[in-house]
**Q** 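Here's a structure for you.
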Amino acid sequence: MPAPYEHVVPTDADYPDGVYRVVGTGDGTVTLLRVTDADGHRAHTGELVSVDADAFDGFTAADPPAADRSLGTAVASSLATGYWSVRAFGRELRAHPLPTAVAVVVALVGAVGDAPGSLPDHPFGGLLLVGCLALAYVGSGRL
C-alpha cells in the first residue's frame, strides 16, 4: 500500500497521463489526485481517482513535480492574493463599524496612550495587543 503524499504515474492506459499524489488509503482502495497535466506541468485539476489496491500495480513511483512558475508569475500571484485578502478584510471591517471603531480606539490608546504621561508601558502594550487581536477577529468574519 502506498503512503499519503507519495507521487505516482500511471503505466496503464486507463488513466490520463500526468503525475498523481496519493491523498488517501483504506478499505482496499487508494485515492489519487492528479497534480500535473499530460506535459508534466503542475495543474490544479481537482481530478480524484479511486483505484482498487489490487489494481494499483498500474502505477509506478515518481518524483514530485517541480514548481515551474517563473519569478514574475509567482510575484504577480502573491500580489493578487494580497490584494483580494486586504479587500475581503476591509469588507468585513466595514460590515461591523461599531466593533471596528472600538478595536481601533483600543489599539490607538495602546500605541500612543503613554506618550503624554509617564505611566508604565505594560498596560498600553496590553491594550495595543488586545486592540490588534480585536481587529483581526472582526476582520475574520466570525463576528
**Q** Is the count of non-hydrogen atoms from other residues, nucleotides or ligands lying under 6.0 Å from D63 atom CG greater than 12?
**A**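 Atom CG in D63 is not crowded, with 12 or fewer foreign heavy atoms closer than 6.0 Å.
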
**Q** Please check if the side chain of R42 supplies one atom and the backbone of P65 the other of a donor-acceptor pair under 3.5 Å.
**A**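 Flag set: sc R42 to bb P65 pair under 3.5 Å.
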
**Q** State, yes or no, whether a side-chain contact exists between L32 and F56 at a heavy-atom distance under 4.5 Å.
**A**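 Yes, at least one pair of side-chain atoms sits under 4.5 Å.
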
**Q** Testing H7, E6, E47 for side chain to side chain contact (heavy atoms under 4.5 Å, CB included) with Y20, which one passes?
**A**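 The residue from H7, E6, E47 that satisfies side chain to side chain contact (heavy atoms under 4.5 Å, CB included) with Y20 turns out to be E47.
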
**Q** Does V22 form a side-chain contact (heavy atoms from CB on, under 4.5 Å) with V30? I'd like the steps, not just the answer.
**A** CA-CA 7 Å; V22 177; V30 178; 4.0 Å; yes

**Q** With a 4.5 Å limit on heavy-atom distance, are the side chains of V51 and T29 in contact?
**A**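 SC-SC contact between V51 and T29 ruled out.
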
**Q** Given side-chain contact (heavy atoms from CB on, under 4.5 Å), test T25 with T31 step by step and report yes or no.
**A** CA-CA 6 Å; T25 59; T31 304; over 6 Å; no

**Q** Do you know which of L129, V130, L135 makes side chain to side chain contact (heavy atoms under 4.5 Å, CB included) with L133?
**A**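 So, applying the side chain to side chain contact (heavy atoms under 4.5 Å, CB included) to L133 and each of L129, V130, L135, only L129 qualifies.
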
**Q** Could you state the interatomic distance from OG1 (T36) to CG (D17), rounded to the nearest 0.5 Å?
**A**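 Reported to 0.5 Å precision, the distance equals 9.0 Å.
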
**Q** Between V105 and V102, is there a shared hydrophobic cluster once you connect ILVMFWY residues whose side-chain heavy atoms come closer than 4.5 Å?
**A**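 Shared cluster, yes.
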
**Q** Enter the distance from L33:CG to L48:CG here, rounded to the nearest 0.5 Å.
**A**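 One finds 5.5 Å between CG of L33 and CG of L48.
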
**Q** How far apart are the closest heavy atoms of L128 and A107, and which atoms are they?
**A**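 L128 and A107 have their closest heavy atoms at CD1-O, 3.4 Å.
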
**Q** When clusters are formed by joining ILVMFWY residues with side-chain heavy atoms under 4.5 Å apart, either directly or through shared neighbours, do V35 and V49 land in the same one?
**A**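 Different hydrophobic clusters.
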
**Q** Would you check if the side chain of D39 reaches a backbone N or O of H41 as a donor-acceptor pair within less than 3.5 Å?
**A**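 No; zero donor-acceptor contacts below 3.5 Å.
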
**Q** Do you know the tightest heavy-atom contact between G18 and V9?
**A**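 Taking G18 first and V9 second, the nearest heavy atoms are O-CG1, 3.7 Å.
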
**Q** Would you please test Y15 and F59 for ring pair (Phe, Tyr, Trp, His ring centres under 6.0 Å) and show each step?
**A** CA-CA 10 Å; Y15 303 99; F59 290 87; 4.9 Å; yes

**Q** Taking the side chain as everything from C-beta on, heavy atoms only, tell me whether V8 gets closer than 4.5 Å to V19.
**A**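 Answer no - side chains too far apart.
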
**Q** Rounded to the nearest 0.5 Å, what's the gap from CG on L98 to NE2 on H96? Could you check?
**A**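 The NE2 atom of H96 is 11.5 Å from CG of L98, to the nearest 0.5 Å.
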
**Q** Please report the shortest heavy-atom distance between Y5 and R21, naming the atom on each side.
**A**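 That closest heavy-atom pairing would be CA-CG, 3.8 Å.
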
